[in-house]
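Here's the structure, in structure tokens; my notes come after.
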Amino acid sequence: MRITFCQGVLALAIVINLLILFYVSRLQQRMLHRHRDHVQPSSRLLPVPQKLGVTVIIREFEDFENYVPDVVKSFLTQKPEQPVMVAADTLPYPPLVLPDAPNVQLVILKPAPDQPAHVSRPETYVKTEYVALVPDGVKVDSTRQLDRMLEEFKANQGRVQMLAAPVQSLAPLRCVNLKVSLRTWTAEYSLAPSTRLCTALKGDAVILLRTKDLFNLSTPLAKPLLTSLFIQTSLRGWTVRILDISFSSAHQPLLSSSHNQWKAENRAKASRLQLFRDFGIKRVLLEDGKQQWFGCSKETSRCFGTVHDDTPEYLYQNRWTPPCCLQALRETAKYVINILETSGVRYWLEGGTLLGAARHQDIIPWDYDVDLGIYLEDIPNCDFLRNVESGSIVDEKGFVWEKAIEGDFYRVQYSEHNHLHVDLWPFYPKNGLMTKDTWMDHRQDVEFPEHFLKPLLPLPFAGFMALAPNNHRSFLELKFGAGVIENPEYPNPALKNCLPTAAGTAH
Ligand SMILES: *[C@@H]1O[C@H](CO)[C@@H](O)[C@H](O)[C@H]1NC(C)=O
């Protein structure tokens, strides 16, 4: 067979055509893929920050009076392409009139039922490697503060996670140290040894940090912004450095009328309260030595529910007894012991309560009640105990005395609402042993020789002196086993025995 020249050219043309077709279709497919990636940022969990630079985030402002549009304009005047995100819980009203630019975004953090979840997630909108948290009222000047902060951050080479530029305002920016212990529900602010390097700030500042750091926090934009930020960062061991760079504030004070200031203060208080509730912080120690309690009181119910298997719910959350509860237990114990002493009822610290007194002169940090033993025959000496047989008594201090329904013992509750309590266990002597008629299913609930009560000896407990069995070490070892004072254990080790190492060092 012979192929003519024309046939050869034709065949070649067909082959080239086929090749071109193949490449074009490959190219189209690739472009389609890339296009899809672009239009569906939500298909990734966290958009990878792409652009160098800083996104300005404005989070804290009042709907009823703010300077957010001016702040945004001031940044755009410096750099028209500056990315800005204004984040609000709900759509601001009256409406915020922001500059109409593709790099300025208003983000509503409250999810809307007709929108996908990523729409209300602020990280969806941040494409830069860094973010700057900017307070309302800030004014940028020609010294390009953000650029200089960014240079400082890079020069800093990861030694601190946050940089702060003070905002010149009425109250100067203060460097404080913050120690948060979730286990004891406590945040403790103290004076920082340095004026530049600290774990928390009080006052107004622009904070620069990495985008991936901010959005790796539990609640990155919770309010009050700086309180929330530093609680979370101090738990991660991060530090903040105060720079020489500063911003000016266009409006001092920020709010024009005292009525608006009052309104803003009330909102700030409410959001602080909510934040501490959400984070499980019930006691705050301030750097001036003052204490604030956000826990239970006589008017609220006990801050943990009914205890099952001797293991209160907070132990499962890796937390100990809320400090307000410990305080209420100490107060109730002191009050009850005072009444027993003045009315002539012989009592002694019992069980876990005696154990706490022996270990560290206080209630065991994860205990949930106080136990006292009393002489059954002394009960008629105390009016409350004598009269309580016919129902419960609320005394003039608001404590509630009652005969327990679970057995032959008495219970004094902190209040009608708050059922934190001291239990009184009546014993009587029989053949040299102290015994009783109802027993709880507890290891320590056993008979013991009366000589431990003769005499009763004072022991420091919960800030006062209480009476305890003599030779309390052997008394405790008889009830709980050898070495009980030195080896702390949770009440029901079979259920919850992962006692944190901190417990070992605490006692
Ligand atoms: C996010 O935080 C966790 C702990 O809080 C840490 O182990 C992890 O490395 C962080 N991830 C990034 C990307 O920084």
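In each ligand, atom 1 is the first atom listed, and ligand 1 is the first ligand listed.
Here the heavy atom of the protein found nearest to atom 5 (O) of ligand 1 is Arg236 NE, 3.9 Å. Here the protein heavy atom with the shortest distance to atom 1 (C) of ligand 1 is Asn216 ND2, 1.4 Å. Nearest non-hydrogen protein atom to atom 13 (C) of ligand 1 is Lys212 CD, 4.2 Å.
Evaluation of the salt bridge (Lys or Arg N to Asp or Glu O under 4.0 Å) test over residues 244-253, restricted to residues two or more places apart or in two chains, returns Arg196-Asp244. For residues 268-307, the pairs satisfying ring-ring contact (aromatic ring centres under 6.0 Å, His included) are Phe276-Phe294, Phe304-Tyr314, with sequence neighbours left out.
For atom 9 (O) of ligand 1, no protein heavy-atom neighbour is found at a distance under 4.0 Å.
From Phe464, atom CZ reaches atom CG of Leu459 across 10.5 Å, with rounding to the nearest 0.5 Å.
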Original post:
Ser228 and Gln232: side-chain hydrogen bond (donor to acceptor under 3.5 Å, both in side chains), yes or no, with the steps?
Top reply: CA-CA 6 Å; Ser228 145; Gln232 297 176 74; 3.1 Å; yes
